Amino acid sequence: MVESKDGQHFVRFKASNGETMVRSETYASKASAKNCIDSVKKNGPDAPTEDETASA
């Protein structure tokens, strides 16, 4: 979790090589950012994915 310059909080999800894969929206409270982390942990493994690089 990261605090932005204006005091809000956001979450960066990084790959095993250290590169940022996803950055969340900003949240006014640290608790809301923690809820984002918990939601991704809970819902992420079974979430559908879409390859947007595939040709149509």
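Counting begins at 1 with the first residue of the sequence. Note that the structure is predicted; figures quoted are calculated from it, not measured.
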How far apart are the closest heavy atoms of Phe13 and Ile37, and which atoms are they?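 It is CZ-CA, 4.5 Å.
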Quick check: closest heavy atoms across Ala33 and His9, and the distance to 0.1 Å?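 The answer is CB-CB, 3.9 Å.
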Under the side chain to side chain donor-acceptor pair (under 3.5 Å) rule, collect the residues that match up with [X], sequence neighbours excluded.
X: Asp46; answer: none
X: Thr20; answer: none
X: Gln8; answer: Thr26

To the nearest 0.5 angstrom, please state how far the CG atom of Asn35 sits from the OG atom of Ser29.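 It is 7.5 Å, given to the nearest 0.5 Å.
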Calculate, to the nearest 0.5 Å, the distance between atoms CZ and SG belonging to Phe10 and Cys36 respectively.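 Reported value, rounded in 0.5 Å steps: 11.5 Å.
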